[in-house]
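Shown below is the structure under consideration.
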Amino acid sequence: MSPEDLAAQLEQLHAAAFGWALSCCGWDRAAAEDVLQASYLKILDGRARFGGRSSFRTWVFGVIGRTAREARRRAALGRWLPMARLLLGPDAGDGRPDAATALAHAEETARLVRALGRLPARQREVLHLVFYQDLTIAEAAAVLGVALGTARTHYERGKTALRRMLEETER
Amino acid sequence: MTNDRDRALHELFGALRREAAAGAPEFHDALTGAARHRQRIRRARRRVAGITAAVAATALALVILAWPITGGKRVAFVDLATTRWEAPTDFLLRTPGAELLRAVPTFTTGGRIHL
């Protein structure tokens with residue numbers, strides 16, 4: 001795939017990719033933009049290559065997810081070693097919503113974001129991919145690099161926990 | 001029931017998607033940001049290389065200045081002017097009565113030879 005074709009395909013996916021980056025960074029907009037830029041860079045530089053084993057969208061989401069995890073590890077390292085921040089550059093959010101930089105949400109969606117922030121990362125990711133990105137559970141499993149059964153378990157548990165939290169906050 | 005509840009979640013996530021899409025940065029801005037990100041990475045790598053080189057050079061200078069080493073072994077300085085070198089095979093050249101050949105004999109008044 002030529003760089004122009006890659007850029008054109010990425011442009012089509014851009015809004016969805018930004019949503020996924022937001023979810024991976026706990027709805028921290030600045031961190032999500034950094035992760036998205038780093039992911040685009042990997043793809044356009046050829047450090048991440050599309051092998052055609054999944055759909056292009058699934059693959060791009062996988063790259064974004066891995067980049068966000070790397071950024072979180074860097075952020076964790078930066079907290080332990082102050083010098084590492086200087087060497088490794090900016091970091092991403094820790095996967096939990098950050099009130100200061102989070103996107104402005106309506107009351108309903110703010111409740112959803114808060115509830116998602118209380119879920120374990122894997123459950124939050126599977127729910128986002130299925131309900132927000134309209135992927136199947138199998139596609140979500142491919143994005144996250146986990147077995148289908150594992151993704152299904154995260155999906156069911158996450159859905160139950162999310163509903164319970166939303167009902168609790170409604171009362 | 002379950003489908004209705006799933007639909008409610010879909011609608012909730014759909015509202016979140018619309019909000020996020022409205023606030024998404026332009027694709028070309030993201031690409032420009034990616035180029036800036038690339039420069040940032042290069043600068044960080046140069047910084048790492050610079051710091052590593054400085055640390056290595058300092059360590060090397062300290063080793064050279066504070067720890068005289070020859071061939072990886074610590075040595076003691078010897079003033080060669082105060083020693084007489086003797087080869088390990090010198091004993092082969094020693095012959096019985098060699099001191100007689102190296103000393104000049106003197107004659108005493110009694111007519112005896114004194115070495």
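Numbers restart at 1 for each chain; the letters A, B, ... are given by sequence-line order, proteins then strands. Computed from heavy atoms alone, side chains included, the values below leave out hydrogens, waters and symmetry copies.
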Q. Between A:T109 and B:L12, what is the shortest heavy-atom contact and its length?
A.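 Answer, listing the atom of A:T109 first, then B:L12: CG2-O, 4.0 Å.
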
**Q.** Which atoms of B:E11 approach chain A - backbone, side chain, both or neither, heavy atom under 4.5 Å
**A.** neither

Q) side-chain contact (heavy atoms from CB on, under 4.5 Å) between A:H14 and B:L31: does it pass, once the steps are laid out? A) CA-CA 11 Å; A:H14 179 62; B:L31 281 191; over 6 Å; no

Q | Test log, rule side-chain contact (heavy atoms from CB on, under 4.5 Å), inputs B:L9 and A:L127 | A | CA-CA 10 Å; B:L9 276 182; A:L127 291 183; 5.7 Å; no

Q. Do A:L41 and A:F56 share a hydrophobic cluster (ILVMFWY, side-chain heavy atoms under 4.5 Å, transitive)?
A.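 In one cluster with A:L41: A:F56, no.
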
Q. Do you know the tightest heavy-atom contact between A:Q37 and B:A30?
A.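 Heavy atoms of A:Q37 and B:A30 come nearest at CG-O, 3.4 Å.
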
Q) With the 4.5 Å side-chain cut-off for hydrophobic clustering, are A:W59 and A:L148 part of the same group? A)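 The answer is yes; both residues are in one hydrophobic cluster.
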
**Q.** Partners passing ring pair (Phe, Tyr, Trp, His ring centres under 6.0 Å) against B:H28 (at least two apart in sequence or in another chain)
**A.**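 Testing B:H28 for ring pair (Phe, Tyr, Trp, His ring centres under 6.0 Å), a comparison that skips the adjacent residues, returns none.
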
Q. Around A:R53, counting heavy atoms of other residues, nucleotides and ligands shown, do more than 12 lie under 6.0 Å from its CZ?
A. no

Q.
I want to know whether A:F18 and B:F27 have ring centres closer than 6.0 Å.
A. no

Q: Considering only heavy atoms and a distance below 4.5 Å, find which of A:A7, A:G19, A:A15 pairs most often with chain B.
A: A:A7

Using a 3.5 Å cut-off and no angle test, enumerate the donor-acceptor pairs between side-chain atoms of residues 130-141 of chain A and protein atoms at least two apart in sequence or in another chain.
from   : atom 1 : to     : atom 2 : distance (Å)
A:Q133 : NE2    : A:A16  : O      : 2.9
A:Q133 : NE2    : A:H128 : NE2    : 3.1
A:T136 : OG1    : A:E139 : N      : 3.1
A:T136 : OG1    : A:E139 : OE1    : 3.4
A:E139 : OE1    : A:T136 : N      : 2.9

(Q) With a 4.5 angstrom heavy-atom cut-off, is it the side chain or the backbone of A:E33 that approaches chain B, or both, or neither? (A)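 Side chain only.
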
**Q.** Neighbour count >12 (heavy atoms, 6.0 Å) for atom CZ, A:R122
**A.**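 Counting other residues, nucleotides and ligands, CZ of A:R122 exceeds 12 neighbours.
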
Q. Checking salt bridge (Lys or Arg N to Asp or Glu O under 4.0 Å) for the pair B:R36/A:D34: CA distance, chi angles, key distance, verdict?
A. CA-CA 10 Å; B:R36 275 200 305 270; A:D34 275 347; over 6 Å; no

Q: Select one option (side chain, backbone, both, neither) describing which atoms of A:L10 are under 4.5 Å from chain B's heavy atoms.
A: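 Both parts, heavy atoms under 4.5 Å.
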
Q: Look up atom CG in A:L112 and atom CD in B:E19, then write down how far apart they are to the nearest 0.5 Å.
A: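 It comes to 9.5 Å.
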
Q) Looking only at heavy atoms, which two atoms of B:A24 and A:R29 are closest? And how far apart? A)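 What the structure gives for the nearest pair is C-NH2, 4.2 Å.
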
